[in-house]
Amino acid sequence: MSGRDEVLDEDGAEIARPAGDEDLHDDSVPQRFRSRIITLNSYISVNVKRKRAWGMKIGELSRASGASPRSLRYYEELGLISSVRQPNGYRDYDEATVGVVSTIKSLLDLGFPMTLIERVLPCTGDAGPIEGECSGIMARVAEIRDEMDDKAHRLLETRDALTAFLSQQPS
DNA sequence: CTTCTAACA
DNA sequence: TGTTAGCA
């Protein structure tokens, strides 16, 4: 173990060159860079111990979330999810993104238009720091909640009507 | 084979 | 949102 061996990811790409302790005490390394080296070292050690230097590529996230790569790029374009780029230009997603995508899919499932999700997600903090004024969007969300109440009631009525209808049918 | 961007029968 | 083209 030289401490200077290349660190490779699962695909064999070089991801970083870990600095050994000698670098931290070597006067050739300006002290203003040492904190960065320490940060890099801890980042590398954490990820290498997890046997994974990077997060997940779009294909993995796609399989894990059930969303198509096309959708994932679209969500990212809308700012719903984010990613960093690997040296090769490939998107690198944090594992936590799977949860955000699940949220998006759930809202989409419930009939929320992408345009609304685009404005609501930033207010949940899931897609990053809460920014902007959310009051307007929250008012709209409350409106939708009330509409849901109506739909729920009508749905129950229809269900009961169907039950009554079925019980009248001859066996 | 996978990903990327841009564009559209 | 899918799909396809042309690269890397």
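Basis for what follows: all heavy atoms, side chains included, without hydrogens, waters or symmetry-related copies. Here the structure is a predicted model, which is why all the values come from computation and not from measurement. We name chains A, B, ... by the order of the sequence lines, and we start the count at 1 in each one.
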Base, sugar-phosphate, or nothing for A:L108, non-hydrogen atoms under 4.0 angstrom?
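Sugar-phosphate, backbone atoms only, no base.
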Which atom pairs, donor and acceptor, lie under 3.5 Å between side-chain atoms of residues 156-167 of chain A and protein residues at least two apart or in another chain?
{"from": "A:T158", "atom 1": "OG1", "to": "A:R154", "atom 2": "O", "distance (Å)": "2.9"}
{"from": "A:T163", "atom 1": "OG1", "to": "A:R159", "atom 2": "O", "distance (Å)": "3.0"}
{"from": "A:S167", "atom 1": "OG", "to": "A:T163", "atom 2": "O", "distance (Å)": "3.3"}
{"from": "A:S167", "atom 1": "OG", "to": "A:A164", "atom 2": "O", "distance (Å)": "2.7"}

Report the residues that fulfil side-chain hydrogen bond (donor to acceptor under 3.5 Å, both in side chains) with [X], sequence neighbours left out, ordered by chain and then residue number.
X      : result
A:Y93  : A:E76
A:S102 : none
A:S65  : none

Salt bridge (Lys or Arg N to Asp or Glu O under 4.0 Å) partners for A:R140, two or more places apart
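Here the qualifying residues are A:E143, A:E147.
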For atom [atom1] of [X] and atom [atom2] of [N], their distance in whole Å:
X     : N     : atom1 : atom2 : result
A:E60 : B:dT2 : CD    : C1'   : 11 Å
A:I58 : C:dT1 : CD1   : P     : 12 Å
A:N88 : B:dC4 : CG    : C1'   : 10 Å
A:L80 : C:dT1 : CG    : P     : 10 Å
A:L72 : B:dC4 : CG    : P     : 10 Å
A:Q86 : B:dT3 : CD    : C1'   : 10 Å
A:L78 : C:dT1 : CG    : P     : 9 Å
A:E76 : C:dT1 : CD    : P     : 14 Å

Residues forming a side-chain contact (heavy atoms from CB on, under 4.5 Å) with A:Y74, sequence neighbours excluded
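Expected list: A:R70, A:L78, A:M114.
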Can you measure from CD1 (A:I81) to OH (A:Y75) and round to the nearest 0.5 angstrom?
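Here the interatomic distance stands at 8.5 Å.
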Let's test your reading of the pairing rules: Watson-Crick or G-U wobble, both distances under 3.5 Å, then write DNA chain C as a dot-bracket string with ( ), [ ], | and dots.
.|||||.|
When you measure from the side chain of A:D92 to the backbone N and O of A:V84, does any donor-acceptor pair fall under 3.5 Å?
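Not at all, since once roles are kept as given, no pair shorter than 3.5 Å links the two residues.
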A:L72 and A:T97: side-chain contact (heavy atoms from CB on, under 4.5 Å), yes or no, with the steps?
CA-CA 10 Å; A:L72 294 174; A:T97 308; over 6 Å; no
Report, as a single string ordered 5' to 3', how protein heavy atoms within less than 4.0 Å touch nucleotides 2-8 of chain C: B base, S sugar-phosphate only, - not at all.
BB-----
